[in-house]
Peer 1: 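Below is a structure I'd like to ask you about.
Sequential numbering from 1 along the given sequence is applied to the chain's residues.
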Amino acid sequence: MHKLAAALAVVALPITAIPASAQALPAAAPACSSSANPALAQKLAADIATALKGRQGTAAVSLRYPGAGLSCTLNAGRQFQSASVIKVTILAAVLKKAQDAGRALTAQEKQWASAMITKSDNDSATALWDSVTAAGMKKFMALAGMRGTTIDSSGWWGKTHITATDQSAMLTLLTTNNSVLTAASRAYVLDLMGKVVAGQRWGTPVGAPAGTAVRVKNGWVDRGDGVGWRINSLGVFSGKGKDYQIVVLTEGNSSEVYGHTTIEGVAKAIHKDLNS
């Protein structure tokens with residue numbers, strides 16, 4: 001897992017080459033709808049498009065605000081490499097396996113889960129992924145309705161091919177009553193997402209109003225394969241009578257910080273529109 005260098009705060013970023021994939025897809029217009037507030041949906045579509053205008057690379061967006069019957073999608077069925085956002089799904093699958101066995105997580109599993117979510121520890125993720133197995137992960141993703149997600153032929157969790165639609169389905173699973181995860185399991189995942197270390201709370205939380213409860217999991221990697229930085233962010237937000245989830249997946253970023261900025265531009269537009 002790549003970490004932001006502390007020097008970024010005080011040293012200008014070098015000019016980096018634009019990845020070939022930066023021109024991979026033409027920009028698409030977000031599709032937003034709301035049964036309760038069509039005007040808000042129209043504004044969100046315009047403001048998300050504005051936030052992404054002129055940005056390098058490719059982005060996918062999924063927004064769900066059930067209270068207003070509102071949703072927005074952009075490239076939501078397109079596959080992106082997951083990087084560390086898949087760790088939320090890994091933990092959910094671990095909890096489902098424990099539920100089926102009629103047991104609580106072991107002390108070791110809890111230690112791995114905490115490190116994996118709050119610090120994005122890769123070794124912990126690998127240990128938990130291996131404990132569920134690829135077959136177990138596929139079974140869980142089928143139960144969760146994540147039909148567009150596929151495990152990479154390498155078997156490496158960080159290369160799982162995900163969609164914004166499926167990541168939104170995962171967040172919905174964590175925030176609504178369902179037959180897959182118990183209330184205790186859902187609360188456990190959300191609690192850890194609320195304790196992510198300060199240095200990893202960029203992305204979708206940026207722009208959330210004061211007093212909002214924020215749960216986040218981010219992913220970031222440059223594999224040196226010509227695709228550029230893959231930067232992804234999942235956010236669950238609640239407070240002031242509003243509960244909503246934001247997923248933004250990106251690739252083709254010229255730097256890690258560039259990807260942060262792209263995601264945060266979208267997040268700021270969404271938070272402002274939903275809370276103004």
Peer 1: How long is the straight-line distance from OG of Ser71 back to CD of Gln245, given to the nearest 0.5 Å?
Peer 2: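 The CD atom of Gln245 sits 11.5 Å away from the OG atom of Ser71.
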Peer 1: Starting from Val206, can I reach Val247 by hopping between I/L/V/M/F/W/Y residues whose side chains sit under 4.5 Å apart?
Peer 2: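 In one cluster with Val247: Val206, no.
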Peer 1: For Ala213 and Arg215, which heavy atoms make the closest approach, and how far apart are they?
Peer 2: CB-NH1, 3.8 Å
Peer 1: For Thr165 and Ser168, which I'm curious about, is there any donor-acceptor pair between the side chains at under 3.5 Å?
Peer 2: no
Peer 1: Check whether any side-chain heavy atom of Tyr65 lies under 4.5 Å from a side-chain heavy atom of Asp273, and answer yes or no.
Peer 2: no
Peer 1: Looking at Glu251 and Arg78, does any basic side-chain N land under 4.0 Å from a carboxylate oxygen?
Peer 2: yes
Peer 1: Give, for atom CE of Met137 and atom CG of Leu128, the distance between the pair rounded to the nearest 0.5 Å.
Peer 2: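 Between atom CE of Met137 and atom CG of Leu128 there are 10.0 Å.
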Peer 1: Near Lys139 NZ, under 6.0 Å, is it more than 12 heavy atoms from other residues, nucleotides or ligands?
Peer 2: no
Peer 1: I need the single residue from Asp152, Val221, Ile86 that forms a side-chain contact (heavy atoms from CB on, under 4.5 Å) with Lys159. Which is it?
Peer 2: Asp152
Peer 1: Taking all non-hydrogen atoms of both residues into account, name the closest pair between Leu44 and Cys72 and its distance.
Peer 2: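 Reported closest heavy-atom pair: CB-SG, 4.0 Å.
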Peer 1: Heavy atoms only: give me the nearest Ala98-Leu105 pair and the separation to one decimal.
Peer 2: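 In this case the closest contact between Ala98 and Leu105 is CB-CD2, 3.9 Å.
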Peer 1: Do Ser233 and Val85 have side-chain heavy atoms sitting under 4.5 Å apart?
Peer 2: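 Counting from C-beta outward, Ser233 and Val85 never come under 4.5 Å.
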Peer 1: Please walk me through it: do Thr204 and Phe237 pass side-chain contact (heavy atoms from CB on, under 4.5 Å)?
Peer 2: CA-CA 10 Å; Thr204 51; Phe237 307 93; 4.0 Å; yes
Peer 1: Given side-chain contact (heavy atoms from CB on, under 4.5 Å), test Leu274 with Leu63 step by step and report yes or no.
Peer 2: CA-CA 11 Å; Leu274 293 185; Leu63 164 67; 4.2 Å; yes
Peer 1: Does any non-hydrogen side-chain atom of Met193 lie less than 4.5 Å from one of Ile117?
Peer 2: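 Contact flag for Ile117/Met193 side chains = yes.
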Peer 1: With a 3.5 Å distance limit and no angle check, can you tell me whether Ser114 reaches the backbone of Lys110 through a side-chain donor-acceptor pair?
Peer 2: no
Peer 1: Ignoring hydrogens and geometry, is there a side-chain-to-backbone donor-acceptor pair from Asp243 to Ser238 under 3.5 Å?
Peer 2: no
Peer 1: In sequence, state the C-alpha distance, the side-chain angles, and the governing distance for Asn37 and Leu70, and then conclude on side-chain contact (heavy atoms from CB on, under 4.5 Å).
Peer 2: CA-CA 8 Å; Asn37 195 336; Leu70 186 150; 5.7 Å; no
Peer 1: We want to know whether Asn177 and Arg186 form a side-chain donor-acceptor pair, criterion being a heavy-atom distance below 3.5 angstrom.
Peer 2: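 Side-chain D/A pair, Asn177 to Arg186: present.
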Peer 1: Should Val216 and Val236 count as side-chain neighbours, where that means a heavy-atom distance under 4.5 Å?
Peer 2: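 Counting from C-beta outward, Val216 and Val236 never come under 4.5 Å.
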Peer 1: Taking atom types as modelled, find out whether Trp157 and Thr126 have a side-chain donor-acceptor pair closer than 3.5 angstrom.
Peer 2: yes
Peer 1: Is there side-chain contact between Ile151 and Trp156, with heavy atoms separated by less than 4.5 Å?
Peer 2: no
Peer 1: Using 0.5 Å steps for rounding, measure from the CG atom of Leu91 to the CH2 atom of Trp112.
Peer 2: 13.0 Å
Peer 1: Please report the closest heavy-atom contact between Pro30 and Ile48, naming both atoms and the distance.
Peer 2: CG-CG2, 3.7 Å
Peer 1: Within this structure, what is the CD1-CG distance for the pair Ile90 and Leu95, rounded to the nearest 0.5 Å?
Peer 2: 12.0 Å
Peer 1: Distance from Asp222 atom CG to Arg230 atom CZ, nearest 0.5 Å?
Peer 2: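 Rounded to the nearest 0.5 Å, the CG-CZ separation comes out at 8.0 Å.
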Peer 1: We want to know whether Asn275 and Tyr244 form a side-chain donor-acceptor pair, criterion being a heavy-atom distance below 3.5 angstrom.
Peer 2: yes
Peer 1: Indicate whether any N or O donor in one side chain lies under 3.5 Å from an N or O acceptor in the other, for Thr160 and Gln81.
Peer 2: no
Peer 1: Taking everything shown except Gln108 itself, do over 12 heavy atoms lie less than 6.0 Å from its CD?
Peer 2: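 Yes, enclosed.
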Peer 1: Search all heavy atoms of Ala92 against all heavy atoms of Met170 and return the closest pair with its distance.
Peer 2: CB-CE, 3.6 Å
Peer 1: For the backbone of Val214 and the side chain of Thr212, can you confirm whether one donor and one acceptor N or O come within less than 3.5 Å of each other?
Peer 2: no
Peer 1: Side chains of His161 and Thr149: does their closest heavy-atom pair fall under 4.5 Å?
Peer 2: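 Heavy-atom side-chain distance check fails, nothing below 4.5 Å.
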Peer 1: With a 3.5 Å cut-off and no angle check, do the side chains of Thr250 and Asn253 form a donor-acceptor pair?
Peer 2: yes
Peer 1: To the nearest 0.5 Å, tell me how far Leu190 CG sits from Lys195 NZ.
Peer 2: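 Those atoms lie 12.0 Å apart.
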Peer 1: Which heavy atom of Leu192 sits nearest to which heavy atom of Thr118, and what is that distance?
Peer 2: O-CG2, 3.6 Å
Peer 1: Between Ser62 and Gln167, is there a side-chain donor-acceptor contact under 3.5 Å, judged purely by atom types and distance?
Peer 2: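 The answer is no; no qualifying pair exists.
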Peer 1: Apply side-chain contact (heavy atoms from CB on, under 4.5 Å) to His260 and Glu256, showing your working.
Peer 2: CA-CA 6 Å; His260 291 192; Glu256 183 176 355; 3.5 Å; yes
Peer 1: Do you see a donor-acceptor pair shorter than 3.5 Å between the side chains of Lys87 and Asn122?
Peer 2: yes
Peer 1: Side-chain contact, heavy-atom cut-off 4.5 Å: Tyr258 with Gln56?
Peer 2: yes
Peer 1: Give a yes-or-no answer on whether the side chains of Ser120 and Ser84 include a donor-acceptor pair shorter than 3.5 Å.
Peer 2: yes
Peer 1: Any donor-acceptor pair under 3.5 Å linking the side chain of Ser185 with the backbone of Leu181?
Peer 2: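 Between the backbone of Leu181 and the side chain of Ser185 there is no qualifying donor-acceptor contact (under 3.5 Å).
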Peer 1: Will you find, in the side chains of Arg55 and Thr262, an N or O donor that is under 3.5 Å from an N or O acceptor?
Peer 2: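 On atom types as modelled, these side chains qualify, holding a pair under 3.5 Å.
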Peer 1: Is the backbone N or O of Thr106 less than 3.5 Å from a side-chain atom of Glu109, with the two atoms forming a donor-acceptor pair by type?
Peer 2: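 Yes: the side chain of Glu109 pairs with the backbone of Thr106.
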Peer 1: With heavy-atom distances below 4.5 Å as the criterion, would you say the side chains of Leu234 and Val248 are in contact?
Peer 2: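 With C-beta onward as the side chain, the pair stays apart.
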Peer 1: So, Asn232 side chain and Ser82 main chain: donor-acceptor pair closer than 3.5 Å or not?
Peer 2: yes
Peer 1: Using atom types as modelled and distance alone, determine if a side-chain donor or acceptor of Gln42 lies under 3.5 Å from a backbone N or O of Ser33.
Peer 2: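 Answer holds: no.
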